[in-house]
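A, B, ... follow the sequence lines: proteins, then strands. Residue 1 opens every chain. The figures that follow rest on heavy atoms only: side chains count, while hydrogens, waters and symmetry mates do not. Being a predicted model, the structure only gives us computed values, none of them experimental.
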There are 8 protein chains.
Amino acid sequence: MRPWEEFARPDVEREGRCGVAEVVFCPGKTPEQIAAIMRALRQKTEPVLATRATPEQAQAVKALLPEVIYHEHARVLTLGAPKEPKGGTVLVVTAGTSDIPIAEEAVVTAQYLGNRTERLYDVGVAGVHRLLAHRERLNAAKILIVVAGMDGVLPSVVAGLVEKPVIAVPTSVGYGVSFGGLSALLTMLNSCAPGVAVVNIDNGFGAAVLATKINRL
Amino acid sequence: MRPWEEFARPDVEREGRCGVAEVVFCPGKTPEQIAAIMRALRQKTEPVLATRATPEQAQAVKALLPEVIYHEHARVLTLGAPKEPKGGTVLVVTAGTSDIPIAEEAVVTAQYLGNRTERLYDVGVAGVHRLLAHRERLNAAKILIVVAGMDGVLPSVVAGLVEKPVIAVPTSVGYGVSFGGLSALLTMLNSCAPGVAVVNIDNGFGAAVLATKINRL
Amino acid sequence: MRPWEEFARPDVEREGRCGVAEVVFCPGKTPEQIAAIMRALRQKTEPVLATRATPEQAQAVKALLPEVIYHEHARVLTLGAPKEPKGGTVLVVTAGTSDIPIAEEAVVTAQYLGNRTERLYDVGVAGVHRLLAHRERLNAAKILIVVAGMDGVLPSVVAGLVEKPVIAVPTSVGYGVSFGGLSALLTMLNSCAPGVAVVNIDNGFGAAVLATKINRL
Amino acid sequence: MRPWEEFARPDVEREGRCGVAEVVFCPGKTPEQIAAIMRALRQKTEPVLATRATPEQAQAVKALLPEVIYHEHARVLTLGAPKEPKGGTVLVVTAGTSDIPIAEEAVVTAQYLGNRTERLYDVGVAGVHRLLAHRERLNAAKILIVVAGMDGVLPSVVAGLVEKPVIAVPTSVGYGVSFGGLSALLTMLNSCAPGVAVVNIDNGFGAAVLATKINRL
Amino acid sequence: MRPWEEFARPDVEREGRCGVAEVVFCPGKTPEQIAAIMRALRQKTEPVLATRATPEQAQAVKALLPEVIYHEHARVLTLGAPKEPKGGTVLVVTAGTSDIPIAEEAVVTAQYLGNRTERLYDVGVAGVHRLLAHRERLNAAKILIVVAGMDGVLPSVVAGLVEKPVIAVPTSVGYGVSFGGLSALLTMLNSCAPGVAVVNIDNGFGAAVLATKINRL
Amino acid sequence: MRPWEEFARPDVEREGRCGVAEVVFCPGKTPEQIAAIMRALRQKTEPVLATRATPEQAQAVKALLPEVIYHEHARVLTLGAPKEPKGGTVLVVTAGTSDIPIAEEAVVTAQYLGNRTERLYDVGVAGVHRLLAHRERLNAAKILIVVAGMDGVLPSVVAGLVEKPVIAVPTSVGYGVSFGGLSALLTMLNSCAPGVAVVNIDNGFGAAVLATKINRL
Amino acid sequence: MRPWEEFARPDVEREGRCGVAEVVFCPGKTPEQIAAIMRALRQKTEPVLATRATPEQAQAVKALLPEVIYHEHARVLTLGAPKEPKGGTVLVVTAGTSDIPIAEEAVVTAQYLGNRTERLYDVGVAGVHRLLAHRERLNAAKILIVVAGMDGVLPSVVAGLVEKPVIAVPTSVGYGVSFGGLSALLTMLNSCAPGVAVVNIDNGFGAAVLATKINRL
Amino acid sequence: MRPWEEFARPDVEREGRCGVAEVVFCPGKTPEQIAAIMRALRQKTEPVLATRATPEQAQAVKALLPEVIYHEHARVLTLGAPKEPKGGTVLVVTAGTSDIPIAEEAVVTAQYLGNRTERLYDVGVAGVHRLLAHRERLNAAKILIVVAGMDGVLPSVVAGLVEKPVIAVPTSVGYGVSFGGLSALLTMLNSCAPGVAVVNIDNGFGAAVLATKINRL
């Protein structure tokens with residue numbers, strides 16, 4: 001039995017089958033487990049990603065696997081070079097400053113999976129002119145990932161302005177009845193601007209995978 | 001004992017104490033009860049309002065109390081003349097066509113309680129230009145009542161455009177995770193544009209009372 | 001004032017701005033309102049769609065606007081010819097027989113918005129071989145819309161088999177703790193197969209708009 | 001690019017547009033970010049506020065921006081002098097002692113935004129005579145902000161006693177089925193005394209902004 | 001086998017064991033089942049009660065068991081005479097007119113179980129003077145049953161005025177976030193006036209049984 | 001294409017694979033669909049079952065497929081003879097009379113799938129002696145299906161009395177905070193008597209399938 | 001102004017009005033505030049209680065007010081002697097060992113408010129014989145306080161065995177779908193044994209106040 | 001009185017009555033209480049188990065009761081030898097690596113209660129081939145315990161592949177709308193593959209007890 005098999009069966013065929021290789025979800029795993037799975041995946045795949053790594057996990061994994069890079073704001077570990085960028089630009093937009101860590105998870109993931117990316121941060125609708133001032137950049141993107149907490153209003157407004165697919169990412173930013181992102185999620189699912197794709201709360205990674213699948217068509 | 005006392009104690013002093021007279025909430029009351037309470041209130045107050053009256057209730061109350069007027073879209077019964085309009089304009093805005101019944105409840109209530117009112121309907125943010133085209137009217141109002149179901153996004157955007165108080169009314173319009181207006185309510189309470197006043201789902205009446213209290217200051 | 005303006009402001013520019021024209025949501029609207037808005041939109045757009053029309057609404061709208069076609073299973077009204085099909089195939093998959101009305105809403109919408117569509121119905125995972133037997137068709141599609149109620153498991157399994165984007169539509173089919181589709185929705189948002197796009201419960205229409213936006217890239 | 005632009009786009013026009021300048025929400029921001037945004041806003045606005053600052057954040061921001069004042073009970077940082085007070089008195093009322101931090105957030109915000117304020121604390125309805133004893137002060141205020149946790153009953157009772165607008169702030173004080181303030185919020189939204197304006201749980205800041213907008217009319 | 005045994009095992013010993021005989025809950029039972037169980041219980045117990053009987057059920061049961069009396073407002077069927085009244089007075093109080101059916105269920109149950117009862121209806125706190133005007137009656141009662149929907153505020157205020165036990169009954173009266181009585185229930189459980197006994201939503205019957213058990217001590 | 005294939009793919013191999021043949025879930029299906037699927041399944045399987053059939057559906061299916069039998073209390077349609085009974089007795093227990101329809105769904109399903117069954121109805125814990133009086137029958141059964149609504153207490157008490165597996169079925173019987181069976185479900189999942197198997201609300205069918213799988217081991 | 005008045009208005013008349021003096025709820029208060037309020041109340045009342053005191057709070061309050069006693073298991077501080085015991089016995093029962101802290105809060109509160117108390121701990125229904133073995137003690141008590149977490153089943157079973165009033169206290173003991181005591185609370189409110197009085201989760205104090213009010217009748 | 005009786009009444013007869021001896025639930029108990037109860041149970045039973053023991057609790061209990069063994073991954077303490085294995089194999093399956101602690105609780109409990117066990121970990125449906133590759137092992141087991149967090153999809157797919165009973169254990173692994181395991185629980189209860197037995201979130205212990213009861217039939 002290979003050493004990692006008692007706790008994990010890395011899905012080394014996933015890239016061929018699903019287009020995107022398996023990615024390690026760090027919470028609840030020991031640094032030894034993370035490093036072992038990353039190493040196993042690296043034999044068939046480049047790059048290998050691990051998401052939601054705390055600084056402590058990152059440091060411990062690097063001690064075991066020194067070629068790993070830690071993208072601190074995004075809390076992502078990478079092993080190997082990013083794929084060659086193909087397709088159009090993925091524009092990552094946030095409503096506020098506090099949504100940036102989730103947006104960065106999307107940016108780093110999208111970059112390593114072979115997308116051109118751009119950032120447009122802190123353009124929430126409390127001042128809708130901030131958004132309208134960037135209408136050209138919004139229209140120039142091929143795919144938009146829109147990240148927002150609290151009222152989760154931004155994706156509805158963006159989707160009313162552009163022709164391209166909008167991927168909405170609710171974040172757990174907020175307090176009181178934001179209910180850890182649930183309110184933003186509901187807003188996005190109820191969006192009166194049709195055709196918004198929604199992913200789980202704080203799931204910048206999932207948004208980037210979806211964008212990648214669309215970008216490669 | 002006066003005839004209505006076994007089932008109701010109309011608060012005939014409320015107008016003096018709270019500025020707005022007691023209003024009859026029709027659901028769960030018989031036409032006889034509604035007519036008796038309206039008649040009792042009318043001895044000290046003009047006008048008397050009754051909200052959420054179905055067409056059947058309205059017809060039966062009119063048979064008992066012919067001077068009553070039924071405002072069909074608003075589902076409001078009135079007895080006596082509206083108060084003289086005072087103060088600035090209350091602008092009632094809706095996101096969609098389906099929100100109009102709740103908006104009309106607010107309009108009729110506000111008019112009878114002595115406010116000037118205007119309507120601006122179907123300007124939801126799926127096409128934000130529809131809203132921006134009316135920026136002058138938004139700024140000309142003294143108080144704005146903004147009515148929206150589904151994603152409940154409109155009050156946040158309006159509150160980011162004007163100086164005046166915005167009263168947000170979530171409606172039960174929607175399906176799936178609109179949860180009967182709960183999603184719109186949460187959006188409004190989480191609004192990233194501060195200073196939005198929120199009332200219960202479908203509570204056009206309560207919004208109008210609040211607007212009246214503000215308008216009289 | 002044009003006749004519909006007091007209750008609606010059809011967003012006739014939406015097709016130019018967002019790529020997909022405004023579509024009428026029938027619940028809570030009178031046949032007169034539906035017909036008036038469809039006629040107004042038809043002056044700038046072809047085809048015009050109206051979703052969630054009951055048979056009664058459909059019949060009444062046809063009396064006012066005889067050139068309308070009613071797609072009964074999909075509960076969709078159309079006015080004018082479908083757009084010329086472009087791009088790849090959109091494959092609409094259901095877990096069960098009861099999910100078909102929502103799937104048909106997606107199929108009809110996608111067809112009229114200019115997509116080639118195929119159907120693959122009743123392949124839920126209680127018998128996973130039913131799904132695996134169609135692996136080639138799954139891989140041949142450009143975009144997959146996967147519709148499921150109850151446990152909402154099917155999109156996760158499909159997304160683990162294909163490279164293409166999967167749009168998951170939870171339905172309100174079920175009883176007890178299906179909670180009107182909420183359980184299926186949560187399953188899809190939590191999908192361990194990353195990159196699944198989720199829309200509101202029973203929102204076949206929204207899934208088709210999203211598929212159209214992706215298909216046109 | 002100005003130094004803060006990669007993470008924030010301070011809305012320096014907001015005071016002109018909405019009447020109240022942008023305020024910094026501290027959770028999830030580094031002291032460097034807070035100080036940079038406050039400094040940027042200060043160029044166009046006086047005073048600048050930052051809410052929900054922990055003592056640690058406050059200390060670190062002061063090290064970077066020594067002219068900042070920390071209002072400890074209210075957890076608010078201010079930069080620059082309060083506006084000249086105008087309009088009537090804003091009376092801030094609490095049901096209990098534990099609601100005071102939220103009430104203080106409202107008081108400090110209201111003062112710096114240019115309102116006269118008074119406090120009336122710990123007058124919950126478990127002993128309604130405590131409240132009735134202050135009826136004159138309640139009636140003398142122009143706007144009332146009523147802060148309550150647990151059962152959230154106080155705003156209903158106050159709104160039944162006065163003519164003036166009541167802004168209700170639910171707090172997260174309580175245990176068991178207080179559900180972090182949700183029970184108090186629901187009580188306030190369901191208030192049988194009509195015309196109560198409700199804001200998010202623990203949102204003393206939002207209540208003060210709303211009071212300011214009303215006070216300036 | 002006795003005829004009712006295949007569908008029911010009437011607990012004829014319950015009065016001896018628990019002090020209050022078994023009572024029939026009508027929803028979901030056929031008139032034949034209701035009549036058969038009432039007849040079986042009547043052999044050991046007097047009176048026999050059946051709650052939540054619709055007018056249709058009541059009429060059908062009377063056809064089978066003519067000596068039954070239907071208390072229409074309370075939706076209670078009784079068979080046999082009330083018990084001799086013992087102990088102090090149970091005062092049943094409501095916040096509004098719409099809460100009366102639940103209050104009547106409590107009154108009729110309490111009377112037949114051998115309590116003196118009084119009614120005090122429509123004294124909700126939107127006009128707290130209506131309640132304070134009856135302070136003597138409140139203090140004269142031995143046990144108070146307080147029935148309220150919407151915000152559910154009344155029991156908290158009453159419990160702050162009297163020494164005697166208060167039993168709070170939330171009702172499903174309301175709309176929007178009253179959530180079918182859940183909001184009123186939470187208010188009562190969170191009551192800042194300690195020592196309030198709470199029962200299920202709309203459970204006037206349960207409140208009367210509890211009052212009876214206390215009254216007999 | 002066989003006639004039913006456009007709307008259904010009956011899983012005729014399921015009996016071989018999973019031990020229990022596919023069963024038709026009637027809600028949302030037309031009588032024509034039900035009859036067609038039953039006929040298709042009958043070619044490989046005996047008996048064929050269809051659950052949750054309303055009397056109207058049953059009558060219409062019988063018109064198309066006269067050899068079908070309708071088990072009215074259980075709302076189950078059967079086609080073909082029950083399997084030969086094997087294994088021990090499955091005892092179906094209910095807390096109340098109103099839980100019987102769900103219990104009967106379990107009984108009929110279990111009988112047709114080849115189990116010996118017994119019934120023990122209306123032995124809820126409000127009178128625990130009713131249950132204890134049947135202790136021998138409880139211990140004589142091989143598998144127990146315990147059906148309860150409202151507080152859902154009965155399975156916990158039964159599981160504390162017997163060695164055999166207990167399958168708990170929550171029902172939607174109740175009102176107020178029974179929340180359509182959710183409260184009973186939570187009680188059963190939290191049971192302090194370990195080893196209770198729980199199924200969905202009102203899922204008598206699922207309980208019988210589980211009992212059958214256990215009984216055949 | 002007396003020194004505590006800026007943060008608290010102790011309700012020194014409450015004992016005369018409501019029968020039970022005000023009690024201090026410690027969470028969110030500083031030791032200085034707790035000691036000041038206890039001292040103020042002590043001038044009119046004996047004893048004074050403060051609940052939910054952590055060991056740290058207790059130690060700090062004792063440093064300020066050395067005559068205070070800390071009841072560690074119950075987390076209650078007392079100042080002054082218990083009232084003379086009157087009336088019958090209050091029996092406090094728990095389902096498990098982990099429910100004891102809440103039960104002790106009830107016991108200490110009841111003792112200091114002048115009740116005779118007894119304890120019967122760890123008699124949950126997973127072994128119903130443990131409970132039945134104590135049937136005489138259950139019947140000998142005048143009032144029963146029954147404390148249970150997880151499935152919350154015990155009060156239903158106890159109320160089916162005795163004539164006396166049962167006060168049910170749900171606790172937050174459990175995991176998974178115990179939802180912090182919500183499941184136990186719902187069980188108790190839905191109890192099929194009528195006449196159970198329910199209080200908030202973990203509210204041993206409230207149960208003791210209610211028992212005291214009943215015991216003094 | 002025996003020393004543990006004031007806080008616990010170990011149910012030493014439970015093994016005879018229910019087939020499985022009482023097991024200690026460690027949260028909220030002191031090491032002294034755990035050790036005392038284990039010692040009391042050990043006089044009639046072998047082995048004695050204690051679940052959910054933290055490493056700190058385990059160490060402290062071992063200091064008091066040195067013959068105890070701590071199973072670290074499973075967080076289970078055992079005292080005495082496992083029972084002789086009887087019956088068929090219990091196969092414990094997990095969807096991911098993070099679900100292993102709950103699976104290990106099931107494995108250790110099942111082993112000590114006298115079952116043969118096997119493990120099959122990390123075969124979630126994101127790569128359904130990982131599962132299908134083990135079809136023979138799935139079919140060889142007598143009972144399957146399937147452990148999954150996030151979308152909770154695995155038990156539905158497994159139950160569609162095998163004849164044997166499947167016990168589904170939702171875990172709290174996940175983020176966002178996994179809601180601490182609630183989403184996985186709902187998926188399992190709604191499983192379209194009938195006959196799945198569900199237990200509480202993270203309740204590996206309960207699954208093992210149920211498996212034991214089935215295995216002994």
Side-chain angles (χ1 to χ4, degrees), chain F residues 11 13-23 25 49 51 87-88 109 113 135 139 141-144 158-168 170 181-182 185-201 203 205-217, chain H residues 11 13-23 25 49 51 87-88 109 113 135 139 141-144 158-168 170 181-182 185-201 203 205-217:
Chain F
D11 182 5
E13 317 288 336
R14 196 178 299 173
E15 188 166 6
R17 203 176 66 245
C18 303
V20 174
E22 182 167 354
V23 165
F25 180 68
L49 277 75
T51 61
T109 303
L113 296 181
R135 215 160 154 170
N139 277 302
K142 186 175 168 195
I143 300 156
L144 297 99
V158 170
L161 295 172
V162 301
E163 281 185 59
K164 301 301 164 41
V166 170
I167 303 170
L182 180 59
L185 172 72
L186 296 179
T187 308
M188 293 168 184
L189 287 166
N190 280 308
S191 176
C192 51
V196 172
V198 184
V199 298
N200 195 0
I201 296 165
N203 192 4
F205 162 68
V209 172
L210 177 57
T212 303
K213 291 190 166 197
I214 295 171
N215 209 1
R216 285 193 193 152
L217 288 177
Chain H
D11 182 4
E13 318 288 335
R14 195 179 297 173
E15 187 165 7
R17 204 176 66 246
C18 303
V20 174
E22 183 167 353
V23 165
F25 179 67
L49 277 75
T51 60
T109 303
L113 295 181
R135 215 158 155 173
N139 277 304
K142 184 173 168 198
I143 300 157
L144 298 98
V158 170
L161 295 173
V162 301
E163 280 185 60
K164 301 302 164 42
V166 170
I167 302 170
L182 181 59
L185 172 72
L186 296 179
T187 307
M188 293 169 185
L189 287 166
N190 279 309
S191 176
C192 50
V196 173
V198 185
V199 297
N200 195 0
I201 297 165
N203 192 4
F205 161 68
V209 172
L210 177 57
T212 303
K213 290 189 165 197
I214 296 171
N215 208 1
R216 286 192 193 154
L217 288 177

Looking at chain H, which one of F:Leu161, F:Val23, F:Asn139 has the largest number of heavy-atom pairs inside 4.5 Å, strictly under?
F:Leu161
With a 4.5 Å cut-off on side-chain heavy atoms, are H:Lys142 and F:Leu217 touching?
yes
For H:Arg216, is it the side chain, the backbone, both or neither that has a heavy atom under 4.5 Å from a heavy atom of chain F?
neither
Contact summary for F:Asn200 and F:Pro170, nearest pair of heavy atoms
O-CD, 3.9 Å
Chain F contact via H:Phe205 - which portion, at a heavy-atom distance below 4.5 Å:
side chain
At their closest point, which heavy atom of H:Lys213 faces which heavy atom of H:Cys18, and how far apart are they?
CE-O, 3.6 Å
Greatest number of non-hydrogen atom pairs under 4.5 angstrom with chain H, of F:Leu189, F:Val199, F:Val209, falls to F:Leu189
Which atoms of H:Ile167 approach chain F - backbone, side chain, both or neither, heavy atom under 4.5 Å:
neither
Contacting region of H:Val198 [heavy-atom separation from chain F under 4.5 Å]
both
Residue pair F:Ile143 / F:Lys164, side-chain heavy-atom distance below 4.5 Å:
no
Non-hydrogen side-chain atoms of H:Glu13 and H:Asp11 separated by less than 4.5 Å
yes
Indicate yes or no: at least one non-hydrogen side-chain atom of F:Val196 is less than 4.5 angstrom from one of H:Leu210.
no
Part of F:Ile201 within contact of chain H (heavy atom distance under 4.5 Å):
neither
Just so I understand: if I count every heavy-atom pair under 4.5 Å between each of H:Pro165, H:Gly160, H:Ala207 and chain F, which residue has the most?
H:Pro165
